[in-house]
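Written below as structure tokens is the structure these notes are about.
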Amino acid sequence: MDEWKTLQDELAREGYVASPDLAMALHLAIALGRPLLLEGAAGVGKTEIARALAQARDTRLIRLQCYEGLDAAQAIYEWNYQKQLLSIRAAAEDGEGAKAAEARIFSEGFLLERPLLAAIRQDVAPVLLIDEIDRADEEFEAYLLEVLSDFAITVPELETIKAVTRPHVILTSNGTRDLSDALRRRCLYAHVDYPDRETELAILRARAPQVEARLAAQIVGFVQAVRKEDLEKVPGVAEMLDFAAAVAGLGLSDLSDDPAVLHVALATLLKTQGDRAALPPEVAARLAGKAA
């Protein structure tokens with residue numbers, strides 16, 4: 001009954017602090033052999049959980065980064081056309097028959113694996129990360145359905161290639177578009193939000209134990225206050241860790257010590273000119289004072 005807590009501890013040893021709901025959802029996905037769809041804002045740690053799981057299970061992480069225009073040839077497999085062309089020329093010179101040449105060039109030796117095909121052909125179950133699926137075209141989701149339902153890929157020139165081992169599949173979405181019902185039905189689901197104060201403090205302690213406890217509490221309080229401002233790009237957990245490293249590297253022991261240095265460190269948190277203008281030095285100093 002406590003297997004999800006064991007998984008939570010395994011992730012924590014890899015520096016990932018998972019909430020009970022997220023750890024339970026991931027445990028169920030693994031136990032049931034189902035893909036897990038993680039939705040949430042950019043920067044909340046969706047991608048990082050795949051890395052932590054792969055490290056915790058000592059297995060390979062295979063990542064498919066989605067983008068507009070992604071198709072099956074880039075995601076699943078394609079034929080090595082250059083090698084096929086050279087083989088056809090050689091066959092013609094040797095007098096090989098057309099049928100024999102065709103059978104040979106559409107064989108395993110000419111097949112190029114892309115992430116989805118590679119994931120189902122591993123001897124040890126890998127972690128397959130399908131990152132930012134909402135950035136891909138809706139048509140691409142149809143390519144995924146066979147993989148997510150049957151963990152098999154049909155290569156018309158060969159046959160249906162079935163999984164050697166079933167990968168642990170994690171899909172992430174930033175919610176930039178609605179995903180199809182067919183895709184959602186094949187997945188378990190969890191929403192990942194920005195961590196609360198205690199969770200984010202635990203993340204900072206795990207990833208940057210050299211930061212003194214009082215300063216760490218100030219950093220987390222400051223970043224969480226910044227997230228409440230009217231910003232174009234809300235800083236995520238990775239930005240918080242960068243900010244902590246910058247603050248420590250600049251020699252601050254208290255966020256209120258030097259407003260000018262604090263303003264310089266905001267380069268790690270605020271990534272647009274509009275956001276820098278929305279948080280001038282006096283506002284940053286006020287937020288730092290409240291976080292102290």
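Atom CD of E159 sits about 12.5 Å away from atom CD1 of I153, to the nearest 0.5 Å. In this structure, the separation between CD on Q8 and OG on S19 is 7.5 Å, given to the nearest 0.5 Å.
Using bins of under 30°, 30° to 60° and over 60° for the plane-to-plane angle, the ring pair F222/F243 lands in the parallel bin.
In this structure, a donor-acceptor pair under 3.5 Å is present between the side chains of Q74 and Y67. Side-chain contact check for T199 and D196: at least one donor-acceptor pair (N or O, by modelled atom type) lies under 3.5 Å. A donor-acceptor pair shorter than 3.5 Å can be found between the side chains of E141 and S180.
A donor-acceptor contact shorter than 3.5 Å links the side chain of E212 to the backbone of R214. A distance-only check finds a donor-acceptor pair linking the side chain of T172 to the backbone of E132 [under 3.5 Å]. When atom types are taken as modelled, the side chain of S149 and the backbone of L145 share a donor-acceptor pair closer than 3.5 angstrom. Checked by atom type and distance alone, the side chain of D137 never pairs as donor or acceptor with a backbone atom of E68 at under 3.5 Å. For R51 (side chain) and E14 (main-chain N/O), a donor-acceptor pair under 3.5 Å exists by modelled atom type. In this structure a side-chain-to-backbone donor-acceptor pair under 3.5 Å is present from R177 to A136. Panel note: side chain D134, backbone N174; a donor-acceptor pair is recorded below 3.5 Å. Not one N or O on the side chain of R63 forms a donor-acceptor pair closer than 3.5 Å with the backbone of L129. In this structure, the side chain of R276 does not engage the main chain of T272 through any donor-acceptor pair within 3.5 Å. When atom types are taken as modelled, the side chain of K46 and the backbone of A41 share a donor-acceptor pair closer than 3.5 angstrom.
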Going through the distances and angles, do E78 and R114 end up as a salt bridge (charged side-chain N to carboxylate O under 4.0 Å, His left out)? CA-CA 8 Å; E78 64 179 325; R114 298 307 183 215; 2.4 Å; yes
Under the criterion salt bridge (charged side-chain N to carboxylate O under 4.0 Å, His left out), I'd like the reasoning laid out for R184 against E39: C-alpha separation, chi angles, the key distance, then a yes or no. CA-CA 11 Å; R184 288 183 180 276; E39 279 190 318; 2.9 Å; yes
Starting from the C-alpha separation in whole Å, work towards a yes-or-no answer on salt bridge (charged side-chain N to carboxylate O under 4.0 Å, His left out) for E239 and K233. CA-CA 11 Å; E239 285 77 19; K233 304 291 183 182; over 6 Å; no
As a quick check of understanding, evaluate salt bridge (charged side-chain N to carboxylate O under 4.0 Å, His left out) for R207 and E48, giving each step before the final call. CA-CA 13 Å; R207 301 294 292 273; E48 188 68 11; 3.7 Å; yes
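I170 and V124 sit in two unconnected hydrophobic clusters of ILVMFWY residues. Membership requires side-chain heavy atoms under 4.5 Å apart, directly or through other members. Hydrophobic cluster membership differs between L111 and L86, with clusters built from Ile, Leu, Val, Met, Phe, Trp and Tyr side chains linked at under 4.5 angstrom. Cluster annotation: V164 is not connected to L148 through the hydrophobic network of ILVMFWY side chains, with a link wherever side-chain heavy atoms come within less than 4.5 Å. A single hydrophobic cluster is not seen to contain both L85 and Y81; linkage of ILVMFWY side chains at heavy-atom distances under 4.5 Å, directly or through other members, places them apart. Both V261 and V283 sit in one connected hydrophobic cluster of ILVMFWY residues. Membership requires side-chain heavy atoms under 4.5 Å apart, directly or through other members.
Annotation for L117 and Y77: closest pair CD2-CB, 3.7 Å, computed over non-hydrogen atoms.
For the pair P195 and I203, the minimum side-chain heavy-atom distance is below 4.5 Å. At a threshold of 4.5 Å between non-hydrogen side-chain atoms, the residues Y194 and R227 count as touching. Side-chain contact between P259 and P281 is absent, with no heavy atoms from C-beta onward closer than 4.5 Å. Taking 4.5 Å as the limit, some side-chain heavy atom of L171 sits within range of a side-chain heavy atom of C187. For the pair L270/L231, a side-chain contact is recorded, criterion being any heavy-atom separation below 4.5 Å from C-beta on. Counting heavy atoms from C-beta outward, I133 and L183 have side chains that approach closer than 4.5 Å. The closest side-chain heavy-atom distance from E200 to Q224 is below 4.5 Å. In this structure the side chain of L53 reaches within 4.5 angstrom of the side chain of I30, judged on heavy atoms.
The pair E232-K271 does not count as a salt bridge, with every side-chain nitrogen at least 4.0 angstrom from each carboxylate oxygen.
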